[in-house]
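Single-structure report; data block below.
Atoms within a ligand are numbered from 1 in the order they appear, just like the ligands themselves. Source: prediction; values computed, not measured.
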Amino acid sequence: MPSTLLRLAILISGNGSNLQAIIDAIAEGRLQAQIVVVVSNKEHVYGLERAQRAGIATVVISQHQFKDHLEYEHALQTCLDSYQPDLIILAGFMRILSKAFVDHYPLRILNIHPSLLPKYPGLKTHQRALAAKDTVHGVSIHIVTAELDSGPIIAQMTTAIVSEDNEHTLENKIHTLEHQLYPKVIQWYAQGRLQLTTTGIFLDGKKLPKIGIQVLEVRKE
Ligand code: GRF
């Protein structure tokens, strides 16, 4: 692979279906990037198997190996830096990252969250959307900041909640959206179409009107 390919480090904690979507998009030529490492904070999760099957380097760095969060993050940072990633992709990574860690990779850490942020940061988003009798639910991709699920939003996709929906059906719908949107947004970045700057998020040279609320359609290309 040419070394100019966008270098992705992907952080997981579990099943890794979003990781798989990115692996598949690369294999199918829909995403011009390379995954240089997959790091999990949990051993024996299925996402690690997916990475290994695709021939990607994997590393497990779990919190309990370290005396505190600071030491844990130091090890994570040392590991990531050794792979020189252009972007760090959180894909079901269930640890909160400190400001010092995030500041080490300014505007270079992305996360996918299963709600239409700023609605429902944190856990149990499908349950909360159902309990609130929302008629629309969705996914958000945002820049990671030290505040949980609160960084500038790059893109969102929506799905209707119908009366037959339960947590399980909603989770499936959301996963389907996630698997389309994450590779797409990373490809925009790889193509230089998406620019993340301190003055705003730009797509095709156009500044998104207001960081934090912009909803982008996924265009057919
Ligand atoms: C996804 O729903 C993602 O939005 C959330 O965690 C879940 C991870 O799923 N952050 P998977 O491990 O990629 O299957």
Side-chain angles (χ1 to χ4, degrees), residues 8-27 30-31 33 35 37-54 56 58-63 76 87-97 101-102 105 108-130 134 136-159 161 165-187 212 215-216 218:
L8 306 176
I10 304 197
L11 272 50
I12 62 166
S13 300
N15 177 39
S17 68
N18 280 284
L19 163 67
Q20 188 68 56
I22 295 167
I23 292 172
D24 293 346
I26 292 172
R30 288 180 283 118
L31 171 54
I35 302 172
V37 67
V38 169
V39 182
S40 174
N41 67 325
K42 294 220 157 75
E43 289 175 79
H44 310 304
V45 293
Y46 187 51
L48 287 169
E49 250 180 84
R50 295 182 193 265
Q52 283 152 7
R53 219 188 298 137
I56 299 164
T58 58
V59 180
V60 176
I61 306 177
S62 64
Q63 173 88 49
L76 182 60
L87 273 186
I88 296 169
I89 302 294
L90 309 189
F93 182 66
M94 303 299 285
R95 289 220 66 90
I96 295 171
L97 298 168
F101 184 93
V102 171
Y105 305 100
R108 283 168 54 211
I109 312 178
L110 303 188
N111 184 40
I112 191 157
H113 182 76
S115 80
L116 292 172
L117 291 170
K119 260 191 161 178
Y120 313 132
L123 300 173
K124 299 188 188 297
T125 58
H126 313 313
Q127 212 180 68
R128 288 153 73 194
L130 286 168
D134 288 352
V136 180
H137 192 34
V139 307
S140 306
I141 293 176
H142 66 94
I143 300 171
V144 172
T145 59
E147 284 72 50
L148 178 71
D149 301 328
S150 299
I153 295 168
I154 300 168
Q156 295 181 316
M157 272 181 96
T158 59
T159 185
I161 300 182
D165 272 326
N166 54 42
E167 268 180 62
H168 183 67
T169 58
L170 218 45
E171 186 180 11
N172 284 340
K173 285 185 184 178
I174 290 297
H175 266 136
T176 304
L177 298 184
E178 289 184 337
H179 300 164
Q180 293 170 40
L181 193 61
Y182 224 174
K184 178 73 75 180
V185 166
I186 299 167
Q187 172 67 354
V215 178
L216 296 174
V218 172

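Looking at residues two or more places apart in sequence or on another chain, you find a side-chain contact (heavy atoms from CB on, under 4.5 Å) between Thr145 and Glu147, Pro152. The side-chain contact (heavy atoms from CB on, under 4.5 Å) test applied to Thr169 returns Asp165, Asn166, not counting sequence neighbours.
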Please tabulate, for the side chains in residues 41-48, all donor-acceptor contacts under 3.5 angstrom to protein atoms that are two or more places apart in sequence or on a different chain.
residue, atom, partner, partner atom, Å
Asn41, OD1, Ser13, OG, 2.7
Tyr46, OH, Arg53, NH2, 2.7

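We find the NE2-NE2 distance between His137 and His126 to be 5.0 Å, quoted to the nearest 0.5 Å. Note that the NE2 atom of His179 and the CG atom of Leu19 stand 10.0 Å from one another [nearest 0.5 Å].
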Between ligand 1 and the protein, which N/O pairs fall short of 3.5 Å?
residue, atom, partner, partner atom, Å
ligand 1, 2 (O), Glu178, OE1, 3.1
ligand 1, 2 (O), Glu178, OE2, 3.1
ligand 1, 4 (O), Ile112, O, 3.4
ligand 1, 4 (O), Glu178, OE2, 2.3
ligand 1, 9 (O), His175, NE2, 3.4
ligand 1, 10 (N), Ile112, O, 3.0
ligand 1, 12 (O), Gly16, N, 2.8
ligand 1, 13 (O), Ser17, N, 3.2
ligand 1, 13 (O), Asn18, N, 2.9
ligand 1, 13 (O), Asn18, ND2, 2.9
ligand 1, 14 (O), Asn15, ND2, 3.3
ligand 1, 14 (O), Ser17, N, 2.9
ligand 1, 14 (O), Ser17, OG, 2.5

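Using a 4.5 Å heavy-atom cutoff, the side chains of Tyr120 and Asp134 are in contact.
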